[in-house]
Amino acid sequence: MERPGPSDVTGSDASGPDPQLAVTMGFTGFGKKARTFDLEAMFEQTRRTAVERSRKTLEAREREEEMNREKELRRQNEDLEPTSSGSNVARACSKSSSRDTSSSGSDESSDSSDDELIGPPLPLKMVEEPVNPMEEGVLGPLPPPLAEDVEEDDDDDGDSEEEENPVRKIPDSHEITLKHGTKTVSALGLDPSGARLVTGGYDYDVKFWDFAGMDASFKAFRSLQPCECHQIKSLQYSNTGDMILVVSGSSQAKVIDRDGFEVMECIKGDQYIVDMANTKGHTAMLHTGSWHPKIKGEFMTCSNDATVRTWEVENPKKQKSVFKPRTMQGKKVIPTTCMYSRDGNLIAAACQNGSIQIWDRNLTVHPKFHYKQAHDPGTDTSCVTFSYDGTVLASRGGDDTLKLWDIRQFNKPLFSASGLPTMFPMTDCCFSPDDKLIVTGTSVQRGCGSGKLVFFERRTFQRVYEIDITDASVVRCLWHPKLNQIMVGTGNGLAKVYYDPNKSQRGAKLCVVKTQRKAKQAETLTQDYIITPHALPMFREPRQRSTRKQLEKDRLDPLKSHKPEPPVAGPGRGGRVGTHGGTLSSYIVKNIALDKTDDSNPREAILRHAKAAEDNPYWVSPAYSKTQPKTMFAQVESDDEETKNEPEWKKRKI
């Protein structure tokens, strides 16, 4: 028995679906057969369409190329002499005819191969053979190379020049100046994304600068004093950018968040314990600090108590580990700066005796590397920093030198540069983002020149570039790898940002293009709105819907805007007395304002009227004329008069 085909099924259902069934199910079209798709047929149709389009595109390009060749030949034949032109045209025509025959034959043979091609056509460079001008009989110089090849060659040359000369990558074409204060900017910090800059100085202030929120006025959006009356020595953002390590002249480091609120404060140790490893924290002034580049929440500080301590944000009551630098004789020595390596496995510290000591982070007893005379003894090495590849260490010494060290062979410096004066214990140095340059600043006396930012090439350690910053010392420098911008802190309270519009990203470029907002004078007229949700309706103030509209209304109201009344001209009006008038009230008002102060001696001023009052008593004497007793004054007599008036019995007795 044969199975019914599709025609049989459709024939049986030719009458269509039952109307009663459609009414019962609630929708029409019930019982229709679902549509089926043949994917293989669709793929085959798509392949054929793509092959057909590719063939048409190739044919159109070949026709266009052939027409261009014919036009070129005609133009060249017109320039040639009549004798040579005839032979060249005949030769060109014969070759073109042979090419046509060969191309027609090849087209027939390539039709079969084109059927198998799917996708866009090949470019002309790969399809066509290069034309030899000697075979074509074309006179004149060779045609120039393609424009794309020329541009690629130019780009390659420019890249090679930039690679050979790293000075071209320095972003110093433009600068902006941020006014921190009047004292030295001793600390700079920039978050990993480059959105916010934080500056600290000798004036105890820490200021926050937001590049995206600033306008051309370049004002900080927040200023605070996290360490009260201690100078700020170091500021650094964590690797996640959500916390800032603040190191000041006190013995306790602080960690604040992005908005300036305190997260933790390290505990102070017991200064009466001899072994500093048994105390819970530092007992003397701090020098600097650094975040761990890989582990979140771990940082390091060094202090005058001759220790380097590591901390965790979650445990502020006690340090994590203690490193104690020692001289070759085993005596204590004070570390002046410390830094983590790029991978966080090494801890480097420079000491006051001129040595540089490097520990393994997990071994606190003996240093892994120890060079005892890296810089002059008795000078404060202000900075040690690792290169981005982690193999080179740069140190900025208090002996006016900058030295480069190879960690793999830590027995002598690779290079050394002198003549770099420094007068601050936090003058630092840094590497460029491509590790080809080393940057540091120089110090000057007040009024004795300008501070400079000096660039050294890492490979040869030659002084390749300088930037005159300002007429003060250059204390801090920071080259951000993402922004490709250089931040500089100076000794006169300025923080400068150097950038290049073509080479730099975001940062200072965001705030330079914004115009400075004008201060609104009408804002001073706004009254504070007191919110009283539980007050009675009769005492509740209406809610201010729009500040701008309210300001405009207050400006029109003379009482709220405190508009001064103009002076009255004439006899007076509206209850106000005129300045000049013939009435008694105007005369009194005019004389009240007169200055009748008498600066003479008050006793002389009273006695001036004594004789007139005695001759013509008017105020006091007549009032007491009937009740006042008769005044009797004692008469003073001389000795002779007294003896004359004495009685006789006294004279005889004498």
Side-chain angles (χ1 to χ4, degrees), residues 162-167 169-170 192 236 239 288 290-294 300 302 308 323 325 335-351 354-361 367-376 379-420 422 426-442 453-466 476-482 484 486:
E162 285 190 359
E163 290 177 358
E164 294 175 359
N165 189 9
V167 178
K169 297 183 179 181
I170 298 176
Q236 187 180 8
N239 52 1
T288 186
S290 176
W291 286 100
H292 194 283
K294 302 294 183 181
M300 169 180 57
C302 65
V308 177
F323 299 86
T336 57
T337 182
C338 57
M339 177 63 68
Y340 279 104
S341 61
R342 296 292 176 177
D343 56 2
N345 294 329
L346 299 178
I347 292 176
C351 305
S355 65
I356 295 179
Q357 304 182 26
I358 301 177
W359 292 270
D360 190 332
R361 175 177 161 271
K368 188 175 182 180
F369 305 105
H370 186 179
Y371 193 81
K372 60 180 180 179
Q373 291 183 352
H375 293 277
D376 292 346
T379 60
D380 292 345
T381 302
S382 56
C383 177
V384 289
T385 182
F386 287 86
S387 61
Y388 286 94
D389 57 12
T391 60
V392 175
L393 177 72
S395 61
R396 182 70 164 95
D399 53 357
D400 301 342
T401 60
L402 176 66
K403 294 185 179 182
L404 204 64
W405 309 81
D406 191 348
I407 300 177
R408 296 164 294 186
Q409 296 178 355
F410 201 69
N411 51 9
K412 63 177 181 178
L414 294 175
F415 301 102
S416 178
S418 58
L420 303 171
T422 174
M426 64 280 299
T427 303
D428 58 357
C429 59
C430 63
F431 285 85
S432 61
D434 58 358
D435 258 354
K436 294 183 178 180
L437 295 174
I438 303 172
V439 191
T440 188
T442 61
L453 199 64
V454 187
F455 295 80
F456 292 89
E457 189 175 3
R458 172 183 168 180
R459 184 168 50 87
T460 61
F461 219 65
Q462 292 182 354
R463 198 167 180 167
V464 294
Y465 197 67
E466 291 181 356
R476 288 285 187 177
C477 60
L478 189 151
W479 196 334
H480 197 270
K482 287 187 178 180
N484 194 23
I486 302 175

Mind listing the closest non-hydrogen atom pair of P325 and Q357 along with its distance? CA-OE1, 3.7 Å

Test side-chain contact (heavy atoms from CB on, under 4.5 Å) on V167 and F455; report intermediate values, then the result. CA-CA 9 Å; V167 178; F455 295 80; over 6 Å; no

Look up atom CH2 in W479 and atom CD1 in I438, then write down how far apart they are to the nearest 0.5 Å. 11.5 Å

Output, in order, the C-alpha distance, side-chain angles, deciding distance and verdict of side-chain contact (heavy atoms from CB on, under 4.5 Å) for I356 and F410. CA-CA 10 Å; I356 295 179; F410 201 69; 3.8 Å; yes

For F431 versus R458, what's the shortest heavy-atom pair and its separation? CE2-CD, 4.4 Å

Answer yes or no: is there a side-chain heavy-atom contact under 4.5 Å between T401 and D376? no

State, with a plain yes or no, whether a side-chain heavy atom of K294 is found less than 4.5 Å away from one of N239. no

What distance separates C430 SG from R476 CZ, expressed to the nearest 0.5 Å? 11.0 Å

Within the side chain of Q236, is there an N or O that forms a donor-acceptor pair under 3.5 Å with the backbone of W291? yes

Close side-chain approach of L402 and F461, heavy atoms under 4.5 Å: yes

Got a second to check how far C429's SG is from L478's CG, nearest 0.5 Å? 12.0 Å

Is R396 reaching over with its side chain to a backbone N or O of G441, donor-acceptor style, under 3.5 angstrom? yes

Any donor and acceptor pair, going by atom type alone, linking the side chain of D400 with main-chain N or O of T422 inside 3.5 Å? yes

Side chains of S432 and V439: does their closest heavy-atom pair fall under 4.5 Å? no

In Å and rounded to the nearest 0.5 Å, what is the CD1 to NZ distance from I347 to K368? 12.5 Å

Which value, rounded to the nearest 0.5 Å, describes the distance between R459 atom CZ and L437 atom CG? 11.0 Å

When you measure from the side chain of S395 to the backbone N and O of C383, does any donor-acceptor pair fall under 3.5 Å? no

Got R463 and L420 here, is their nearest side-chain heavy-atom distance under 4.5 Å? yes

Step by step, work out the side-chain contact (heavy atoms from CB on, under 4.5 Å) result for V384 and L393. CA-CA 7 Å; V384 289; L393 177 72; 4.2 Å; yes

Mind checking whether F456 and F415 have side chains closer than 4.5 Å, heavy atoms only? no

Please examine the side chains of V392 and L404, heavy atoms only from C-beta on, and report whether any two atoms are closer than 4.5 Å. yes

How far apart are the closest heavy atoms of G390 and I407, and which atoms are they? O-CD1, 3.7 Å

Smallest heavy-atom separation, V308 atom then C302 atom, equals CG2-CB, 3.9 Å

Can you find a pair of side-chain heavy atoms, one from P367 and one from I358, that are under 4.5 Å apart? no

Quick one: closest heavy-atom pair of D399 and H375, and the distance? OD1-ND1, 3.2 Å

Let me have the donor-acceptor pairs involving side chains of residues 335-342, under 3.5 Å, with sequence neighbours excluded, atom names and distances please.
{"unit_1": "T336", "atom_1": "OG1", "unit_2": "A350", "atom_2": "O", "d": "3.2"}
{"unit_1": "T336", "atom_1": "OG1", "unit_2": "T381", "atom_2": "O", "d": "2.7"}
{"unit_1": "Y340", "atom_1": "OH", "unit_2": "E298", "atom_2": "OE2", "d": "3.1"}
{"unit_1": "S341", "atom_1": "OG", "unit_2": "D343", "atom_2": "OD1", "d": "2.6"}
{"unit_1": "S341", "atom_1": "OG", "unit_2": "G344", "atom_2": "N", "d": "3.4"}
{"unit_1": "S341", "atom_1": "OG", "unit_2": "N345", "atom_2": "N", "d": "3.4"}
{"unit_1": "S341", "atom_1": "OG", "unit_2": "L346", "atom_2": "N", "d": "3.1"}
{"unit_1": "R342", "atom_1": "NE", "unit_2": "F386", "atom_2": "O", "d": "3.2"}
{"unit_1": "R342", "atom_1": "NE", "unit_2": "S387", "atom_2": "O", "d": "3.2"}
{"unit_1": "R342", "atom_1": "NH2", "unit_2": "F386", "atom_2": "O", "d": "2.9"}

I'd like to know if the side chain of D435 reaches the main chain of Y388, judged simply by a donor and an acceptor atom lying under 3.5 Å from each other, with no hydrogens or angles considered. yes

Residues two or more places apart in sequence or in another chain: which of them pass ring-ring contact (aromatic ring centres under 6.0 Å, His included) with H370? none

